[in-house]
Novice: 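Okay, handing you the structure first.
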Amino acid sequence: MRNKLFFAAFFTLILIPSAALSQNNNILMHVRIYLSSIISDAESISVVSPLAEEDIRAYGIDLMQSMDKIENAESTEKFLGKFEDVFYKIFTDKDLVNLESFRKDMTSALADLDDALSILTSGNDRKNLRSDLAEIQSKLQMVSEEKGLTEWINMFDLFTAKLLTHALTTDIEILVQDAHALLDNLSSYTSQLESSNIDTGDLKDEISELREMLENVSEEEDFDKFIESLEEVLISVPKTQ
Amino acid sequence: MMLSKLFKTCASIVMIIMISGCSKGPETVAEESAPIPTNPEARTARLTSYILIRKTEKLRDKAIYLKHREEGERLLRFLEDGKDGKE
């Protein structure tokens, strides 16, 4: 909705000459909306940005306060210069995330999401989510410019929010127990493979290392690292089927 | 980034938990308040959910970053055009 308002105002400014009379106020209104959005999404932005969440938020708040002090064309110009500087501090590296790499990653990720739907949903929920997923996949291929991208990301955001309502949230202690059970089963499976004369490589050593990691898990960050290592090991596990 | 690994991992979790006879012992573990199911399906769903949540969050963060960068760039271009007197 916010984006729709943004574009409506944006095109009004361009297409209706009389609107240019209040152009400065309108531009500042857009900047204010944008800054509010940056402040509220600082945590997500900081995952890719070189700046920390608190720095992004602080820059945003500082700019909002600067806006309140604008009195004339000169202070407006000064503010806009400051806004540009801050923008490039937050969004430094164009190559880190670009439209092409994003689309490539997303195409691959969306193709796999169908499998997660099979594990976590059933019945009409699964059917509806699959239908949403198909639409998102189709629209991703049509994203060719920035406006399309923003609309697509909003759609993706809604979809993932819906999908995540089907995911279970579990305490780390329980997940650690589950992971221990998984490693026990993986050990048994490795033995089964060996007794069938299937080469398991370094799997036993890797399982031992994973057990050691798991013993030291006390918070989510540790468990994330364990899961990353687990993924590496599981991908190389020989399959009998 | 490594998202495609997520579902290979999930598939492996399902396979390993199911094939190797699953958990030994009782189907539930007594907790202070409610019993936590420890059957293979429950374990699989919990681990899969955790991985899905973490990976999807990362993907959403990336998408939000990109959205703000694109919006900001568009805004800056508009401001530049305004300064130059373009329409």
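So that the names make sense, note that chain A is the first sequence line, chain B the second, and so on, each numbered from 1.
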Novice: Given B:R60, which partner from the list A:L164, A:V47, A:I153 fulfils the side chain to side chain contact (heavy atoms under 4.5 Å, CB included) test?
Specialist: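 Result: among A:L164, A:V47, A:I153, A:L164 is the only option passing the side chain to side chain contact (heavy atoms under 4.5 Å, CB included) with B:R60.
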Novice: Answer with side chain, backbone, both or neither: which region of A:L175 has an atom nearer than 4.5 Å to a non-hydrogen atom of chain B?
Specialist: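 Looking at A:L175, backbone and side chain both touch chain B.
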Novice: Quick check: closest heavy atoms across A:F156 and A:I136, and the distance to 0.1 Å?
Specialist: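 For A:F156 versus A:I136, the nearest heavy atoms are CA-CD1, 4.1 Å.
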Novice: Decide yes or no on side chain to side chain donor-acceptor pair (under 3.5 Å) for A:T170 and B:R46, but give the supporting numbers first.
Specialist: CA-CA 7 Å; A:T170 311; B:R46 284 196 294 266; 4.8 Å; no
Novice: Name the region of A:E43, side chain, backbone, both or neither, that has any atom closer than 4.5 Å to a heavy atom of chain B.
Specialist: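 Neither the backbone nor the side chain of A:E43 comes within 4.5 Å of chain B.
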Novice: Is there a side-chain contact between A:T92 and A:Y88 in this structure, where contact means two heavy atoms from C-beta onward sitting under 4.5 Å apart?
Specialist: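 A:T92 does not reach A:Y88 side chain to side chain.
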Novice: For chain B, find which of A:D224, A:L120, A:I38, A:V233 contributes the most heavy-atom pairs closer than 4.5 angstrom.
Specialist: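 Max contact count across the listed options: A:D224.
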Novice: Looking at CG of A:L193 and CG of A:L186, how far apart are the two atoms once the value is rounded to the nearest 0.5 Å?
Specialist: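 Output value for this atom pair is 9.0 Å.
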Novice: Select one option (side chain, backbone, both, neither) describing which atoms of A:L35 are under 4.5 Å from chain B's heavy atoms.
Specialist: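 Neither; nothing under 4.5 Å.
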Novice: Given heavy-atom pairs under 4.5 angstrom as the criterion, report whether the side chain, backbone, both or neither of B:L76 touches chain A.
Specialist: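 Side chain only.
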